[in-house]
Every structure is written in C-alpha cells, then in structure tokens.
Amino acid sequence: MALPACGAPWPCATARLSLLADYRSSHVALSIYLAGMLYNAVEDLHRLNPHGAPKPGALHDRFPDWAAPRAPRMPQPPDG
C-alpha cells in the first residue's frame with residue numbers, strides 16, 4: 001500500500017484519509033497497523049536522536065489515537 005507523501009509528519013491528513021479508506025472494513029486492522037508504525041517510529045527516533053525524540057504521548061496522539069473510535073458526545077444541559 002503506497003501512501004501519499006505531503007511533507008508533514010506521517011501520518012499527515014492526506015495519509016490519514018488514505019488509511020481510513022484502505023482500512024474501512026476493519027478498524028481493528030488499522031489499529032494494529034498504526035501500533036506497529038508507532039513501535040517503528042519510537043525505535044527510529046530513539047536511535048537517531050535519543051535525547052530529542054518526541055514524548056510518548058505525542059507519538060501516541062500522532063499514530064494510533066487519531067483513529068480511535070469516539071463515543072458521541074452527549075449534549076450538555078443548559079446552565080440555569
């Protein structure tokens with residue numbers, strides 16, 4: 001699967017749309033793929049710059065978190 005390169009950190013918005021289309025029939029497979037990519041990124045970033053790598057939370061947000069299903073928000077009752 002070739003993903004578009006837009007110059008932004010992967011997965012950029014274009015790559016995310018492509019991934020969602022490619023994995024539309026299996027959210028679990030997308031999550032597993034992104035977890036693997038997170039693992040590779042942590043390993044590469046630590047090897048290239050062990051003291052300047054992004055924080056784990058930032059990498060989690062960048063890789064698997066954006067694709068996690070979200071529960072619909074319940075409307076908040078008006079104040080008063």
Side-chain angles (χ1 to χ4, degrees):
M1 154 183 22
L3 294 174
C6 64
W10 193 92
C12 63
T14 304
R16 289 177 182 196
L17 288 174
S18 180
L19 287 165
L20 288 172
D22 290 345
Y23 287 93
R24 69 183 157 270
S25 63
S26 180
H27 188 269
V28 171
L30 174 59
S31 296
I32 291 168
Y33 175 74
L34 290 170
M37 297 305 288
L38 170 63
Y39 178 84
N40 292 339
V42 168
E43 185 175 44
D44 290 346
L45 289 168
H46 180 71
R47 181 177 40 81
L48 295 171
N49 186 1
H51 302 292
K55 300 286 184 203
L59 288 173
H60 188 272
D61 292 346
R62 182 173 149 193
F63 287 89
D65 192 54
W66 69 265
R70 306 280 189 242
R73 292 181 138 204
M74 298 299 294
Q76 297 296 318
D79 291 338

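The shown structure was predicted, so the numbers you read here are calculated from the model rather than taken from an experiment.
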Engineer: I need the minimum non-hydrogen distance between L34 and P64, along with the two atoms involved.
Structural biologist: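 Closest pair (atom of L34, atom of P64, distance): CB-CA, 4.0 Å.
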Engineer: Would you say R24's side chain and A21's backbone share a donor-acceptor pair under 3.5 angstrom?
Structural biologist: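 Yes: the side chain of R24 pairs with the backbone of A21.
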Engineer: Classify the ring geometry between Y33 and W10 as parallel (under 30°), tilted (30 to 60°) or perpendicular (over 60°).
Structural biologist: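 Rings of Y33 and W10: perpendicular, over 60°.
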Engineer: Between S31 and H27 (side chain of the first, backbone of the second, donor and acceptor by atom type, cut-off under 3.5 Å), is there such a pair?
Structural biologist: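 Yes: the side chain of S31 pairs with the backbone of H27.
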Engineer: Within the 4.5 Å heavy-atom criterion, are L20 and W66 side-chain neighbours or not?
Structural biologist: yes
Engineer: To the nearest 0.5 Å, tell me how far M37 CE sits from D44 CG.
Structural biologist: 9.0 Å
Engineer: If I take atom CG from residue L38 and atom CG from residue L45, how far apart are they, to the nearest 0.5 angstrom?
Structural biologist: 10.0 Å
Engineer: Minimum heavy-atom separation for R16 to R62, with atom names?
Structural biologist: NH2-O, 3.5 Å
